[in-house]
Amino acid sequence: MALSSFVRTGKNAVMLLAGSMTRMIAGFVFVIYCADQLGVEGFGKYSIAVHYFELFLSLTATAVGILLTRDMSRWPRHTNQLVTSAIVLALVVSLFAIGAMSCLKSLFGYSSDTHHALLIGAVTLIPASVCAVFETVFVARERAEYLTSGIAVESLVRIGLSVWLLHNDFGLIAIMWVFLGVRCGLLVAYLFALRRMGGIRWQFHGKRTLRFLNRWRIFAAENWMATIYTNLDVIILSWLSGEVATGIYSAAGKIVRLGSVVAKSYTTAVFPVMARLYVHSKESFKSLYSHTIRVMFAMALPAITVVMIIPDRTVDLFFDAEYADAATVLQVLIWVLLFEFLNPFLSHCLFAQGRQNRSMRVAAIGLVVNSI
C-alpha cells in the first residue's frame, strides 16, 4: 500500500512538473519575445497587468485550493459538497477582486493602456478561479495528467496567438484579450475532463459551505499576507518608479522564477500525501519533511552561486542590451530563489498538521517587515 501511494505521488509530481515546465518554458520564451517587441516601457505595462492578475488569482483561489485538497484527502465521501463550496467561495471572492483591480488606476495613476489591460485581466479572474478549483480536484484525486494536458494546450495556444498578434503589430490589449479567451477555453476543457473522471455533481449544502468558509478564513489570511508580501515589490516599484523600472525589474524576476517551478510542483503534488501521512504515520511525515529540505538546499544553492558569478551573461542570454540594468537587480534577487524553494513547502507542512495559525503569524510578521 505504501509503495502504491509512493508510485502515485511520484507520477502526480512528474505530471505536475511536466505541466509547469511546459507553461514556464513557453511563457519564458514569450516573455523574451514580448520584451523585444514591446520595449522596456511596453513590457513594463504587460508585466504590471499580468502581475496583478496572478496576484489576485492567488488571493482568489490559492487558499481555497489548499483547503479543498486537505479536506478532500480527509473526507473523500464529501467531495461533491466540498467542491461546490469551493467554487461558490472562489466566485464570490473573484467579484471582490474584480472591483479592487478596477480601482488600481485611480490609486496608482497607471496609464490608460495599463488600466485597460488590468480590466481585461480582472474579468479573466472568473474562469481562471474556477479552473484553479478544478485543478485542485485533479491533484487531490492524483490525476494530474488532465491538469498537465490542459496547461500545455492552454500555454501553447495562448502564446502562439499572442506571438502572431505581436508579429502583426497588435499590442498589449490584443494579447490580453487572448489571455481571457484561452482561459475560458481551458475551463470548458476541464469540464469535459471531469466528466471522463466520473464527474463532480453540484451539491450545495448551506451549513457545510459555512463550515468550509469558517475553515478557509485562516488559510485565506495566511495566503493573502504571504501573497501580498511576495508581490509587494512590483506594486511599490510600479507606483513610485513607473513602468520602465518595472520592466527592468520584471526581466530579472522572470529569470529567478525559472528555478522555483520544480519546488512548487513538488509541493503541490505531495501535499495530499502529507495531509494523510500526518494522520496515519507521523514518522513517515517527519522523514518526508527532512529529506525534502536537504534536496531543496542541494538544488537551489548551485544555481544561486552560478548567477551570482555571471549575472551579466545570464541577462544577456535572454534579453537585449535595453535590459542590461537587470543584471544588477538579478544579483540581489537570485537569493530569493532559496526561499521560493523552502517557504511553500514549509507552509504546506504546517497546513497538513492543522497548524495554519502559525503560518499565518509568520506571514503577518513578514508582511509588516517587507512593507517597512
Side-chain angles (χ1 to χ4, degrees), residues 13 16-44 46-48 50-51 54-55 58 155 159 226-238 241 243-268 291-347 366 369-370:
L16 282 170
L17 179 59
S20 298
M21 289 293 289
T22 300
R23 175 177 281 174
M24 180 197 69
I25 293 171
F28 191 72
V29 170
F30 175 68
V31 161
I32 296 171
Y33 184 77
C34 184
D36 180 63
Q37 293 293 307
L38 296 178
V40 174
E41 183 177 358
F43 181 62
Y46 171 79
S47 298
I48 290 169
V50 173
H51 186 86
E54 293 176 349
L55 165 63
S58 181
S155 298
I159 291 168
T227 299
I228 294 171
Y229 166 81
T230 55
N231 287 272
L232 200 59
D233 47 4
V234 171
I235 295 173
I236 298 298
L237 186 65
S238 64
S241 300
E243 290 150 343
V244 173
T246 304
I248 295 291
Y249 187 87
S250 296
K254 295 294 184 184
I255 296 174
V256 174
R257 290 186 65 181
L258 280 172
S260 63
V261 65
V262 175
K264 290 181 179 178
S265 298
Y266 174 80
T267 298
T268 302
H291 279 85
T292 298
I293 295 296
R294 286 196 292 270
V295 170
M296 286 183 172
F297 267 101
M299 294 175 66
L301 290 177
I304 292 170
T305 302
V306 170
V307 173
M308 281 291 295
I309 295 172
I310 51 171
D312 297 326
R313 293 184 182 180
T314 305
V315 171
D316 291 343
L317 182 65
F318 300 113
F319 300 98
D320 60 32
E322 196 176 7
Y323 294 87
D325 289 341
T328 305
V329 179
L330 178 62
Q331 208 165 14
V332 179
L333 277 186
I334 191 61
W335 286 99
V336 174
L337 181 62
L338 182 60
F339 304 103
E340 290 274 355
F341 267 61
L342 294 174
N343 287 352
F345 177 73
L346 294 175
S347 63
V369 173
N370 200 26

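Predicted model, so just to flag it, every value in this text is computed and none were measured.
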Check whether any side-chain heavy atom of L55 sits under 4.5 Å from a side-chain heavy atom of V234, and report yes or no. no
Does the side chain of I236 come within less than 4.5 Å of L232's, by heavy atoms? yes
What pair of heavy atoms forms the shortest contact from T246 to G44, and how long is it? CG2-O, 4.1 Å
As an exercise, state the distance from CG of L317 to CG of D312, rounded to the nearest 0.5 Å. 12.5 Å
In Å, rounded to the nearest 0.5 Å, how long is the span from CD of Q37 to OH of Y46? 13.5 Å
Which heavy atom of A300 sits nearest a heavy atom of L338, and at what distance? CB-CD1, 3.9 Å
How long is the gap from CG on L333 to NZ on K254, to the nearest 0.5 Å? 12.5 Å
Applying side chain to side chain contact (heavy atoms under 4.5 Å, CB included) between D320 and each of V40, V315, I32, D36, report the one that passes. D36
Just by distance, do the side chain of Q331 and the backbone of M308 share a donor-acceptor pair under 3.5 Å? yes
Is there a donor-acceptor pair under 3.5 Å between the side chain of S250 and the backbone N or O of G247? no
Quick one: sort the F43 and Y323 rings into parallel, tilted or perpendicular, breaks at 30° and 60°. perpendicular
Value for CE (M296) from NE2 (H291), rounded to nearest 0.5 Å, stands at 14.0 Å
Taking every heavy atom of E243 against every heavy atom of I48, the minimum-distance pair comes out as CG-CD1, 3.6 Å
Any idea which heavy atoms bring V256 and L330 closest together, and the distance? CG2-CD1, 3.8 Å
Nearest atoms (heavy-atom pairs only) where A326 meets A252: O-CB, 3.7 Å
Measure the shortest side-chain to side-chain distance between I159 and Y33 over non-hydrogen atoms and say whether it is less than 4.5 angstrom. no
Given the options V307, L342, L301, I304, L337 meets side chain to side chain contact (heavy atoms under 4.5 Å, CB included) only with I304
